[in-house]
Amino acid sequence: MRTQVAIIGAGPSGLLLGQLLLKEGISNVVLERQSGEHVLSRIRAGIIETGTVELLDAAGVSGRLHRESLIHDGIEIAFGGTRHRVNFRELIGRAVVVYGQTEITRDLMAGREAAGGTTVYQAQDVRLHGIDGPHPRVTYRSDGIERSIECDFIAGCDGFRGVSRACVPQSALTCYERIYPFGWLGIMVDKPPVSDELIYVSHERGFALCSMRSRERSRFYLQCNLEERVENWSDERFYEELASRLDPDTAAHLQSGHSIEKSIAPLRSFVAEPMRYGRTFLVGDAAHIVPPTGAKGLNLAASDVYYLWQGLVTHYRQGSENGLEDYSRRALARVWKAERFSWSMTSLLHRFPESSGFDRRIQQADLEYLLTSRAALASLAENYVGLPL
Ligand SMILES: Cc1cc2nc3c(=O)[nH]c(=O)nc-3n(C[C@H](O)[C@H](O)[C@H](O)COP(=O)(O)OP(=O)(O)OC[C@H]3O[C@@H](n4cnc5c(N)ncnc54)[C@H](O)[C@@H]3O)c2cc1C
């Protein structure tokens, strides 16, 4: 098989890139290790920047998003038993959109099918060849048969544990990493959210987040030890712990119900530089990870896609390499700002087991300053809704 761009991974970054390229008449094949059902069963992000929505508009897959998503003009930060509103609209005139990553993926899959794009699910043993030469190739096994795709470029959209970054020689990459000493225990429940907007909770017992996917579906998180096991957390125990971290009024509005998903996610910051090696480009989680506190993972994947899409279009339309040569620099400039924001939100709101009395007082002063300074609130708002592409 021959295509212009071989895309590894059918997560949001791979499918979005594929769709945008198809719209420009640039051929591509997406290879995904899992089945389509498995990809759709993963419950992940839900807060979408308007820049990401504009990209989904450009890809022609945002019809349902515009009908079903919720617009949030702000968030709340609960601290010292009080909820404080951060009004994005008033502070910076912008908002965020609530729409699940699963739904975005579903829309992208439908768009790709309608456009006649080729996606190979359950592609086993995907391997990249000749990635530093002029004729890269991807091999894989499907239905027990070895297959090969010749291409001009490879987009490694295969997430943190994918094969693309692993194929780049270690000496060509510099990796930066911070692993946090806690995780998030999350549940999804078909009950209305406790409030109209997300509530980020800083509490002595640990961080909590009351989030949502729609007016009928809530997503709750609790900071937990890395040793915790999902099996040890009955729904009752989860709600009891969550209520203990909320102020009494919010706790009274909590509607508990049978969880439809329950999982523990470790928190990590990670960046691999550069995001290009020869004719292979790393995109989204394949190149970087953020702790979910800043709601940036999916949105960063989308901004990488934007820069790579522009570079590829310039290459094929104008024969210029400038966009591709600049891809890593442009993407990383935005990635590091989101890394900084996600790290700062995580540091501000969580309880760190090793923190001293001094650290705790500084954290408290940080929160008090944030909630009383319009400049600090505007800075949070500007980063949360998404920095310009
Ligand atoms: C548990 C969890 C919770 C999260 N919650 C949030 C959140 O609340 N907010 C937020 O903004 N972000 C969140 N994120 C991050 C967000 O979901 C990711 O940033 C986003 O999915 C990145 O998209 P991606 O397409 O780059 O990678 P992925 O979504 O990881 O997609 C990569 C795809 O590549 C496939 N793949 C992997 N290896 C191979 C291979 N060898 N061959 C072929 N295919 C392969 C995978 O199966 C997968 O489908 C969360 C992530 C996790 C893991």
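The shown structure was predicted, so the numbers you read here are calculated from the model rather than taken from an experiment. Order of appearance sets the numbers: ligands from 1, and atoms from 1 within every ligand.
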> Going by the angle between their ring planes, with limits at 30° and 60°, are H350 and F182 parallel, tilted or perpendicular?
Replying inline: parallel
>> Show me which atoms of ligand 1 lie under 4.0 Å from any heavy atom of A295.
In response: 11 (O)
> For ligand 1, which atoms, with element, lie under 4.0 Å from some heavy atom of G297?
Replying inline: 10 (C), 11 (O), 12 (N), 19 (O)
> Which is closest to atom 24 (P) of ligand 1 by heavy-atom distance: S13, G11, G284?
Replying inline: S13
>> Out of P12, A45, G46, A10, who is nearest to atom 23 (O) of ligand 1 when you count heavy atoms only?
In response: P12
> In the protein, what heavy atom is nearest to atom 1 (C) of ligand 1, and what distance, to one decimal place, separates them?
Replying inline: A265 CB, 3.9 Å
> For ligand 1, which atoms sit closer than 4.0 Å to a heavy atom of G162?
Replying inline: 38 (N)
> What are the atoms of ligand 1, with element, lying closer than 4.0 Å to any heavy atom of L31?
Replying inline: 43 (C), 44 (N)
> Counting each atom of ligand 1 from 1 as listed, which ones have a heavy atom of G159 under 4.0 Å away?
Replying inline: 27 (O), 30 (O), 32 (C)
> Has ligand 1 got any nitrogen or oxygen that is less than 3.5 angstrom from a nitrogen or oxygen of N299?
Replying inline: no
>> Please list, in number order, the atoms of ligand 1 under 4.0 Å from a heavy atom of Q34.
In response: 47 (O)
>> Any carboxylate oxygen within less than 4.0 angstrom of a Lys/Arg side-chain nitrogen, looking at E339 and K296?
In response: no
> Less than 4.0 Å between a side-chain N and a carboxylate O, is that true for E90 and R374?
Replying inline: yes
>> Using modelled atom types and a 3.5 Å cut-off, is there a donor and acceptor pairing between side-chain atoms of R94 and backbone atoms of G386?
In response: yes
> Should the proximity of V126 to ligand 1, defined as any heavy atom under 4.0 Å, be assigned to the side chain, the backbone, both, or neither?
Replying inline: side chain
For residues 274-285, dump all side-chain donor-acceptor pairs below 3.5 Å to protein atoms at least two apart in sequence or in another chain.
from: R276; atom 1: NE; to: G278; atom 2: O; distance (Å): 2.7
from: R276; atom 1: NH1; to: L324; atom 2: O; distance (Å): 3.3
from: R276; atom 1: NH2; to: G278; atom 2: O; distance (Å): 3.2
from: R279; atom 1: NH1; to: D152; atom 2: O; distance (Å): 2.8

> Hey, looking at atom 49 (O) of ligand 1, which of R42, H38, R268, Q122 has the closest heavy atom?
Replying inline: R42
> Excluding sequence neighbours, so at least two apart, what forms side-chain hydrogen bond (donor to acceptor under 3.5 Å, both in side chains) with R361?
Replying inline: Q364
>> Just to confirm my output: which protein heavy-atom neighbour is closest to atom 30 (O) of ligand 1, and how far is it?
In response: R44 NH1, 3.1 Å
> Taking only heavy atoms of C157, which atoms of ligand 1 are found under 4.0 Å from at least one of them?
Replying inline: 32 (C), 33 (C), 34 (O)
> Among R33, Q101, R127, whose heavy atom sits nearest atom 16 (C) of ligand 1?
Replying inline: Q101
> Would you call E103 and R213 a salt bridge, using N to O less than 4.0 angstrom?
Replying inline: no
>> Check this for me: does any side-chain nitrogen of one of R334 and E49 sit under 4.0 Å from a carboxylate oxygen of the other?
In response: yes
>> Tell me the nearest of D285, V39, I47, L128 to atom 18 (C) of ligand 1, using heavy-atom distances.
In response: D285
> So, are E177 and R268 salt-bridged, with charged N and O less than 4.0 Å apart?
Replying inline: yes
>> Taking 4.0 Å as the limit for heavy-atom contacts, which would you say applies to I8 with ligand 1: side chain only, backbone only, both, or neither?
In response: side chain
> Can we say E241 and R245 salt-bridge, meaning some charged N sits less than 4.0 Å from an Asp/Glu carboxylate O?
Replying inline: yes
> Ion pair present between K262 and D235, side-chain N to carboxylate O less than 4.0 angstrom?
Replying inline: yes
>> Checking contacts here: is it the side chain or the backbone of K296 that comes within 4.0 Å of ligand 1, counting heavy atoms only? Could be both or neither.
In response: backbone
> Out of I43, D158, I48, whose heavy atom is nearest to atom 34 (O) of ligand 1?
Replying inline: D158
> Which heavy atom of the protein is the closest neighbour of atom 47 (O) of ligand 1, given with residue, atom name and distance?
Replying inline: E32 OE2, 2.6 Å
> How are the rings of Y384 and F341 set to each other: parallel, tilted or perpendicular (split at 30° and 60°)?
Replying inline: perpendicular
